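What you see is a predicted model, and the numbers here were worked out from it, not measured in a lab.
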Amino acid sequence: MRLFIAINFDKATRDGLVLLQNDLRKQSTGGNFTLYTNLHLTLAFIGECTAAQANTIKTVIDSVNFTPFPIKINSIGRFGRKEGDLWWAGIAENKALLALQHNITQKLITAGFTLDTRKYNPHITLGRKIITAAASQQIEPLHQSIASIDLMKSEHIQGLLTYTTIHTKGATT
């Protein structure tokens with residue numbers, strides 16, 4: 001199974017992200033936009049795992065302690081790609097988020113997982129292969145308090161990429 005650790009959003013935040021997608025869609029001639037239910041912030045992409053590895057990841061997640069913290073989504077931008085750009089919503093600099101992500105990745109590495117070593121760039125994918133004349137920009141901020149992290153399974157169900165929560169760890173208060 002293909003796994004990653006993520007922050008999922010409440011309805012208000014997802015609704016705000018969809019408004020951003022709709023604005024982008026109006027200015028685009030092509031692309032694949034992220035499904036409403038799949039909008040999330042990845043903390044660690046793990047990839048293909050066995051059931052035993054999934055259990056290890058659950059143990060790692062359960063060992064992570066954090067208190068609730070706010071995030072602010074305040075920009076949209078793109079990563080350039082030949083076949084069309086990946087458009088994202090960006091997160092304002094956030095020390096608590098970076099510390100959480102670093103803690104998770106270090107614990108996963110200690111548990112024997114191989115992870116991407118690039119600098120973490122927190123973003124929410126709005127769409128892939130987007131062909132548009134739209135420009136990166138600051139947006140009216142979306143705010144959410146983060147109080148849990150989720151282990152997610154990625155699979156295709158009836159032709160749709162579907163992300164399913166298989167384990168949750170709440171913040172400590």
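Of all heavy-atom pairs between Ala89 and Ile73, the closest is CB-CG2, 3.7 Å. The two residues Val60 and Ala111 have their closest heavy-atom pair at CG2-CB, 4.0 Å. Scanning all heavy atoms of the two residues, the minimum distance from Leu86 to Arg81 falls at N-CG, 4.2 Å. Closest of all the heavy-atom pairs between Gln138 and Ser75 is NE2-CB, 3.7 Å. The nearest pair of heavy atoms linking Thr168 to Ser148 is CG2-CB, 3.9 Å.
Looking only at distances, no side-chain donor or acceptor of His167 sits under 3.5 Å from a matching main-chain atom of Thr165. With Asn74 contributing its side chain and Glu140 its backbone, the two residues share no donor-acceptor pair below 3.5 Å. Between the side chain of Thr132 and the backbone N or O of Gln27, at least one donor-acceptor pair lies under 3.5 Å. Although no hydrogens or angles enter the test, the distance criterion places no donor-acceptor pair under 3.5 Å between the side chain of Thr67 and the main chain of Thr172. Side-chain atoms of Gln101 come within 3.5 Å of backbone N or O of Leu43 as a donor-acceptor pair. Within the 3.5 Å criterion, the main-chain N or O of Ile57 finds no donor-acceptor partner in the side chain of Thr59. In this structure, Asn94 contributes its side chain and Ala96 its backbone to a donor-acceptor pair below 3.5 Å. Between the side chain of Gln106 and the main chain of Asn103, no donor-acceptor pair closer than 3.5 Å is present. Between the side chain of His40 and the backbone N or O of Asn38 there is at least one donor-acceptor pair closer than 3.5 Å. Put simply, the side chain of Gln21 never gets that close to the backbone of Phe33: no donor and acceptor are under 3.5 Å apart.
Between atom CG of residue Leu3 and atom OG of residue Ser154 there is a gap of 9.0 Å, rounded to the nearest 0.5 Å. One distance of note links CD1 of Ile104 with NZ of Lys169; it measures 10.5 Å at 0.5 Å rounding. From Thr125, atom OG1 reaches atom CZ of Phe79 across 7.5 Å, with rounding to the nearest 0.5 Å. One finds the CD1 atom of Ile71 at 6.0 Å from the CD1 atom of Ile7 (value rounded to the nearest 0.5 Å). Note that CH2 of Trp88 is 9.5 Å distant from CG of Leu126, once rounded to the nearest 0.5 Å. Here CG of Asn121 is found 11.5 Å from OG1 of Thr42. Values are rounded to the nearest 0.5 Å.
The local environment of CZ in Arg128 is sparse, with at most 12 non-hydrogen atoms from other residues, nucleotides or ligands closer than 6.0 Å. The local environment of CZ in Arg2 is sparse, with at most 12 non-hydrogen atoms from other residues, nucleotides or ligands closer than 6.0 Å.
Looking at heavy atoms from C-beta onward, Ser63 lies in side-chain contact with Lys107 at the 4.5 angstrom threshold. In this structure the side chain of Ile5 never reaches within 4.5 angstrom of the side chain of Asp150, judged on heavy atoms. Side-chain contact check for Ile146 versus Leu97: every heavy-atom pair is 4.5 Å or farther apart. For the pair Ile131 and Asp85, the minimum side-chain heavy-atom distance is 4.5 Å or more. Using a 4.5 Å heavy-atom threshold, the side chains of Ile130 and Arg78 count as separate. For the pair Leu41/Phe9, a side-chain contact is recorded, criterion being any heavy-atom separation below 4.5 Å from C-beta on. Using a 4.5 Å heavy-atom cutoff, the side chains of Asp116 and Thr105 are not in contact.
No continuous path of ILVMFWY side-chain contacts below 4.5 Å connects Leu24 to Leu19, so the two sit in separate hydrophobic clusters.
Asn55 is linked by a side chain to side chain contact (heavy atoms under 4.5 Å, CB included) to Lys58, counting only residues two or more places apart in sequence or in another chain. For Thr37, the side chain to side chain contact (heavy atoms under 4.5 Å, CB included) test picks out Arg14, Leu35, with sequence neighbours left out.
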Query raised in the report: Which is it for Leu39 and Ile124 under the side chain to side chain contact (heavy atoms under 4.5 Å, CB included) test, yes or no, and what are the steps along the way?
Result: CA-CA 7 Å; Leu39 291 165; Ile124 303 142; 4.2 Å; yes
Query raised in the report: Yes or no on side chain to side chain contact (heavy atoms under 4.5 Å, CB included) for His123 and Ile91, after CA distance, side-chain angles and deciding distance?
Result: CA-CA 6 Å; His123 65 279; Ile91 311 295; 5.9 Å; no
Query raised in the report: For Lys11 and Asp15, what are the C-alpha separation, side-chain angles and deciding distance, and is it a salt bridge (Lys or Arg N to Asp or Glu O under 4.0 Å)?
Result: CA-CA 6 Å; Lys11 182 181 182 324; Asp15 288 349; 2.7 Å; yes
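Under 4.0 Å is where a charged nitrogen must lie from a carboxylate oxygen, and between Glu93 and Lys95 no such pair does.
Between the side chains of Thr13 and Gln144, at least one donor N or O sits under 3.5 Å from an acceptor N or O.
By the 4.5 Å side-chain criterion applied to Ile, Leu, Val, Met, Phe, Trp and Tyr, Tyr163 is assigned to a cluster that also includes Phe4, Phe45, Met152, Leu161.
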